[in-house]
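Letters A, B, ... mirror the listed sequences (proteins, then strands); counts begin at 1.
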Amino acid sequence: MAKSRSELGQIIHGVARDPLGLMGLIIVGTIVFCAIFAYWIVPFDPVGMNIKSRLQGPSWTHLLGTDQLGRDTFSRVIAGGQVALQVALPAVFGAMAIGLTLGMIAGYGPKWLDNLLMLFFDTIRSFPTVMFALAVVALVGPSLQTVVFVVMATSIPTYGRVARTQTLTLRNSEFILAERSMGASMKRILGVHMLPNIVGVLAVLAAMDIPTVIALEAGLSFLGLGVKPPTPSWGALLKDGYSLIRQTPWLVVGGGLPIILATLGFTFLGESLRDVVDPKLRKQR
Amino acid sequence: MLLYATRRFGLALLILIVAVTVMFLMIRAVPGDPVQIMLGPRATPELQARLTAELALDQPIWKQLLIFYGNLMQGDLGIDVFSGRSVTEIVFQQLPHTLWLILGSITWSATLGIALGAYAAAHPNTVIDRVTAAISVSFVAAPAFVVALLSLLIFAVNLQWFPAIGAGEGFWGRLNHLVLPAFAIGLSWVGYIARLVRASMLEVMGESHIRTARAFGIHERRVVMVYALRIAILPVVTVIGVGMGFLLSSAVFAEIVFARPGLGKLVIDSITTRNYPIVMGSVLISTGLFVVSTALADLINAWLDPRARTAA
């Protein structure tokens, strides 16, 4: 990102001044912290079984109880956050990078290429996300990489379209025309002058996209088509919770609440970021 | 308008053709023998021979694609390798369940969302407006399958107000079974639509025809309900049309959680039994549904608001 340090500081300061933004910052910060230091935080091995203490309710030893194999639910929730971010971050940044490149090419390149890329975007968007994910999983089998790929593929068009619109608008702005009249190369115009003006908008979009991705990973894992057991994922927790729903409510609660919290946190953060980075965008939503 | 409609549906058709071709190539691009993959452990030599002939796998790829499209035009999506029944028949048998679920979800959420949004816009910056805004954000944040699981836990398992599984028999039975899944799918839409209507309502309220209506001494309630709301709900039409994909996706989860028959349950069951023709058939049908609904939403929008015709 081409933002200077002071500018980044200003953005964070702006977000922290907004109460919802501050809440988002705290929630997201906590999730990221727990994910990074998961293995120091967890009181038990998230995949360690202990048949003797299975299906327990919450206690001081097991804050959220245990599952059918005696694994500590709290530890699995913490470790699950790591898996969620492992999927969400590469998928969102990958999609953003590809979408940005394609979108800028579409917006700046010749008309036929623009049409071709738009058709490409529209085609990808024409698959209902989960259905597309199911089709891919059915063909290549479930894994963490499959989930990352599916999420990336389905969200490229969103970034691409926004990047294209921004490029089209910028293309005819005075400072770009001035650069062009001074004989700046296309590489320079796109990379040095347009990119910084587009990245900010896309970053906001990415922050708001992360919860969707986390929910999709959890959803696929819930269906048994995401990460493989015994990897602790929030979706896998929900899957176990669903089959044991009449025995214990704690697995569904333990798997469901972090997803809702993460969604809330990233949404608050994204909206607050949007207002700080570009107040004009507020009207478009 | 006719020109716009033709162009819009032309685009929809083009997208559909590209999408179907991509799907077709995706199946062929998977490493390994497609017949072996499709049949899995059930592959007897005669089944293999039948499927090879049916998919025309001994022909060059472009010819396979042509044959595939030829069959598709006749509504033939292939044969279920397991039961020998037509895939089209199986998919269309399950489709109504999913469509009713989607319709139920969007009806309640759009009604409530529009009401909340319009109320909030008519009384901006009051306590109710703030509360609506806060609720909206929290609702938007809840993914459908998490809401489905939590409502299953609370309302079906603990309180036992509603049935936990199945689609029910008879009108009231069906309706009773529809409540929880429709609630789960619709919840995030309430907040989304409320925010959308509020924003567009505030914009419309500032326009000159509203000022004129007020100047004519028309009752404020009538100005809001009739003159402003009529225009302010336009974006909702588009959003529902474009949201068809999300609705279909949420329906998959709701069907699994509440063990309801439908497209989603069919796909998941087919994946676990490695019944690829049904998976692909269902994905094709749902993609078609999505493309058509997006195009229809654009058309309705263009019909209601002439400005949209030139924009696209």
Side-chain angles (χ1 to χ4, degrees), chain A residues 20 118-142 154 211-212 214-216 218-219 222-225 234-235 238-239 241-242 245-246 248-249 251-253 255-268 271 282-285, chain B residues 11-12 14-16 18-19 22-23 26-27 29-30 37 134 137-138 140-147 149-150 152-154 156-158 164 195-196 199 203 242 244-250 252-253 256-257 263-264 267-268 270-272 274 276 279-280 282-283 286-291 294:
Chain A
L20 280 186
M118 286 304 277
L119 182 65
F120 170 68
F121 290 158
D122 283 341
T123 308
I124 297 182
R125 272 157 45 110
S126 71
F127 293 109
T129 314
V130 170
M131 284 290 184
F132 179 72
L134 293 179
V136 174
V137 170
L139 286 173
V140 301
T154 49
T212 323
I214 290 179
L216 187 61
F222 167 69
L223 296 174
L225 302 170
W234 293 337
L238 286 174
K239 182 176 191 276
Y242 174 62
I245 201 161
R246 287 176 198 281
T248 171
L251 286 173
V252 170
V253 173
L257 281 189
I259 297 176
I260 292 180
L261 266 181
T263 315
L264 272 179
F266 279 105
T267 310
F268 288 159
E271 298 209 336
R282 194 172 199 156
K283 274 176 87 180
Q284 288 178 13
R285 273 265 165 175
Chain B
L11 181 67
L14 188 64
I15 289 172
L16 210 52
V18 177
V22 167
M23 281 259 299
M26 230 163 72
I27 305 173
V30 171
I37 292 169
V137 178
S138 335
V140 171
F145 78 102
V146 178
V147 181
L149 277 167
L150 291 176
L152 175 75
L153 179 67
I154 298 169
V157 175
N158 284 351
R195 281 164 56 125
L196 198 69
E203 207 166 301
V242 176
M244 194 67 184
F246 296 101
L247 285 166
L248 272 166
S249 300
S250 314
V252 173
F253 291 114
I256 296 300
V257 170
L263 212 54
V267 175
I268 301 294
S270 310
I271 289 180
T272 25
R274 299 170 76 87
Y276 293 100
V279 177
M280 291 308 151
S282 315
V283 175
S286 58
T287 306
L289 207 65
F290 183 32
V291 171
T294 320

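No other option in B:Leu263, B:Ile268, B:Val279 has as many heavy-atom pairs under 4.5 Å with chain A as B:Ile268. Interface remark: of the candidates A:Ala215, A:Gly219, A:Ala218, A:Gly219 forms the most heavy-atom pairs closer than 4.5 Å to chain B. Among the candidates B:Gly288, B:Ser282, B:Ala12, B:Ser249, the residue making the largest number of heavy-atom pairs closer than 4.5 Å to chain A is B:Ser249.
Interface remark: A:Leu225 contributes side-chain atoms only to the contact with chain B (heavy atom separation under 4.5 Å). In this structure, chain A has heavy atoms under 4.5 Å from both the backbone and the side chain of B:Ile256. For B:Thr294, no part sits under 4.5 Å from any heavy atom of chain A, backbone or side chain.
Smallest separation of non-hydrogen atoms from A:Ile259 and B:Pro143: CG2-CG, 3.6 Å. Contact record, A:Ala262 with A:Ile214: CB-CD1, 4.3 Å, taken as the closest heavy-atom pair. In plain terms, the two heavy atoms of B:Phe290 and A:Arg125 that are nearest each other are CE2-O, 2.8 Å.
The ring pair (Phe, Tyr, Trp, His ring centres under 6.0 Å) search around A:Phe266 returns none, not counting sequence neighbours. With sequence neighbours excluded, the residues satisfying ring pair (Phe, Tyr, Trp, His ring centres under 6.0 Å) with B:Phe253 are B:Phe145.
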